[in-house]
Engineer: 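Dropping a structure here in structure tokens format, bear with me for questions.
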Amino acid sequence: MSIVTLTGAGISAESGLGTFRDSDALWARYQIEDVATPEAYARNPALVHEFYNLRRQGMRAAEPNAAHHALAELERRHRGEVLLVTQNVDDLHWRAGSRKMVSMHGQLQNARCAACSHAWTAPDLMFPEDRCEKCDAQACRPDVVWFGEDVRFLEEIVTAVRQADIFALIGTSGTVYPAAGLLELAEACGATTYEINLTPSGMRPSAQSILLGRATETVPKWVAKLLRS
Ligand code: APR
């Protein structure tokens, strides 16, 4: 039995990392077009680096929570295939022990050169005058996917979702494509689907089962039930 999970900012909320669309969330304090697009980076790289420096410092001060650990345990103990697809750019799934995972929106943990695409572990703080450690270009950016850029691993993700017996959305509002289209694909391909969320995403078609609550409570319970079945 193959299991695919798709996580969003809600799974890291109880680790203290902000979500995007809840009240007082990131997009209430910053405009996407000012900090999360290639045009924003070209126009004002200092503001873009400030935004990601704050989030990177928050991420490095945060710890994985019970929901991250539960998904890592599912990967360790489930006998069939497991793939964790995350929209999050934090490294909490990795630090909880998940390895069969893909970060479709990139990783805040890394920096990347916009000139030669070389990637390396990002320092805590990045600035427009930083130079690429490989080609020396003054074009260092966070290794994350901005609006208007292609997500990563999409072909691998779609293949896994098509073959999934179980597909679960965890802590995502389902507002950003292509991630938001994966539930419909899973349904169309016959998977048993779950939405595990604090508030219903309202996605259509909706998941067959909706488990509401905080991820640190709902995800460990869901994993324990799966491992018993
Ligand atoms: N436990 C479970 N779910 C939670 C919790 C919690 N403690 N707190 C919040 N949530 C849920 C909210 O109810 C909401 O459904 O997490 C979801 C957060 O939604 P968003 O803030 O929209 O985050 P996400 O769905 O990950 O955004 C997708 O949008 O801005 C882009 O690239 C960004 O990857 C991000 C994408």
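Just so you know, ligand 1 is whichever comes first in the structure, and atom 1 is the first atom listed for that ligand.
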Engineer: Write out the residue and atom name of the closest protein heavy atom to atom 10 (N) of ligand 1, then the distance separating them to 0.1 Å.
Structural biologist: G10 CA, 3.5 Å
Engineer: Among all protein heavy atoms in this structure, tell me which lies nearest to atom 1 (N) of ligand 1, with the distance rounded to 0.1 Å.
Structural biologist: A215 N, 2.9 Å
Engineer: Has the side chain of T193 got a donor or acceptor atom that lies under 3.5 Å from a matching backbone atom of F167?
Structural biologist: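 A pair under 3.5 Å: no.
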Engineer: So for ligand 1, is A9 a polar contact partner (N or O within less than 3.5 Å, distance only)?
Structural biologist: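 Yes.
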Engineer: Using a 6.0 Å distance limit plus a 45 degree cone around the ring axis, check whether R112 lies over the aromatic ring of W120.
Structural biologist: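 Negative - R112 is either too far from the ring of W120 or too far off its axis.
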Engineer: Please work out which of the three classes, parallel, tilted or perpendicular, describes the rings of W146 and Y52, given edges at 30° and 60°.
Structural biologist: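 If you compare the ring of Y52 with that of W146, the planes turn out tilted.
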Engineer: Specify the closest pair of heavy atoms between V89 and R55, including all atoms of both residues, with the distance to one decimal.
Structural biologist: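 Looking at all heavy atoms of both residues, the shortest contact is CG2-NH2, 3.6 Å.
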Engineer: Using a heavy-atom cut-off of under 4.0 Å, does the side chain or the backbone of Q87 touch ligand 1, or both, or neither?
Structural biologist: both
Engineer: Mind checking whether R21 contacts ligand 1 via backbone (N, CA, C, O), side chain (CB onward), both or neither, at a 4.0 Å heavy-atom cut-off?
Structural biologist: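 Both backbone and side chain.
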Engineer: Suppose we measure from atom 30 (O) of ligand 1 to each protein heavy atom; which comes out shortest, and what is that distance?
Structural biologist: W27 NE1, 2.8 Å
Engineer: For ligand 1 and F20, I'd like to know whether there is a polar contact (N/O to N/O, distance under 3.5 Å).
Structural biologist: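 Yes.
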Engineer: Could you tell me, atom by atom, which parts of ligand 1 come under 4.0 Å of a heavy atom of R214?
Structural biologist: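 Near R214, the atoms of ligand 1 are 1 (N).
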Engineer: Enumerate the atoms of ligand 1 whose separation from the nearest heavy atom of H105 is less than 4.0 angstrom.
Structural biologist: 32 (O), 34 (O)
Engineer: For ligand 1, which part of V176 has a heavy atom less than 4.0 Å away: the side chain, the backbone, both, or neither?
Structural biologist: side chain
Engineer: Using every non-hydrogen atom in the two residues, find where M104 and P178 come nearest and quote the distance to one decimal.
Structural biologist: CE-CG, 4.2 Å
Engineer: Could you find the nearest protein heavy atom to atom 3 (N) of ligand 1 and give me its residue, atom name and distance?
Structural biologist: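 Its nearest protein heavy-atom neighbour is L198 N, 3.3 Å.
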Engineer: Out of L169, T199, T172, whose heavy atom is nearest to atom 24 (P) of ligand 1?
Structural biologist: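 Answer by nearest heavy atom: T172.
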Engineer: Can you name the atoms of ligand 1, numbered from 1 with element, that are less than 4.0 Å from a heavy atom of G213?
Structural biologist: 1 (N), 2 (C)
Engineer: Between S206 and M203 (side chain of the first, backbone of the second, donor and acceptor by atom type, cut-off under 3.5 Å), is there such a pair?
Structural biologist: no
Engineer: Taking only heavy atoms of G8 into account, list the atoms of ligand 1 that are under 4.0 Å away from them.
Structural biologist: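 So the answer, numbered in order with elements, is 26 (O).
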Engineer: Distance to 0.1 Å, residue and atom name: give those for the protein heavy atom nearest to atom 9 (C) of ligand 1.
Structural biologist: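 Looking at atom 9 (C) of ligand 1, the protein heavy atom closest to it is D22 OD2, 3.3 Å.
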Engineer: When you look for heavy atoms under 4.0 Å from ligand 1, do you find them on the side chain of S173, its backbone, both, or neither?
Structural biologist: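 Both parts.
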Engineer: For K134, does its backbone N or O pair with a side-chain atom of H118 as donor and acceptor, under 3.5 Å?
Structural biologist: no
Engineer: Out of A36, G174, G171, S15, whose heavy atom is nearest to atom 17 (C) of ligand 1?
Structural biologist: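 Looking at heavy atoms only, the winner is G171.
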Engineer: Residue-level breakdown please: for W146 versus ligand 1, do any non-hydrogen atoms fall below 4.0 Å on the side chain, on the backbone, on both, or on neither?
Structural biologist: neither
Engineer: Using a 4.0 Å cutoff against the non-hydrogen atoms of E14, which atoms of ligand 1 qualify?
Structural biologist: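 Selected atoms, number and element: 1 (N), 6 (C), 7 (N).
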Engineer: Quick check: closest heavy atoms across A115 and C135, and the distance to 0.1 Å?
Structural biologist: CB-SG, 4.3 Å
Engineer: Does the side chain of S201 pick up a donor-acceptor pair with the side chain of E195 at under 3.5 Å?
Structural biologist: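 Distance-only check passes for S201 and E195.
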Engineer: Within a distance under 4.0 Å of any heavy atom of N197, pick out the atoms of ligand 1 and give their elements.
Structural biologist: 3 (N), 11 (C), 12 (C), 13 (O), 14 (C), 15 (O), 16 (O)
Engineer: Say whether, by atom type as modelled, one donor and one acceptor occur between the side chain of S2 and the main chain of E81 under 3.5 angstrom.
Structural biologist: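 A pair under 3.5 Å: no.
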Engineer: Short question: side chain of D130, backbone of M126 - any donor-acceptor pair under 3.5 Å?
Structural biologist: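 No: the side chain of D130 does not pair with the backbone of M126.
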Engineer: Are side-chain N/O atoms of H68 and S98 paired as donor and acceptor at under 3.5 Å?
Structural biologist: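 There is no such pair between these side chains.
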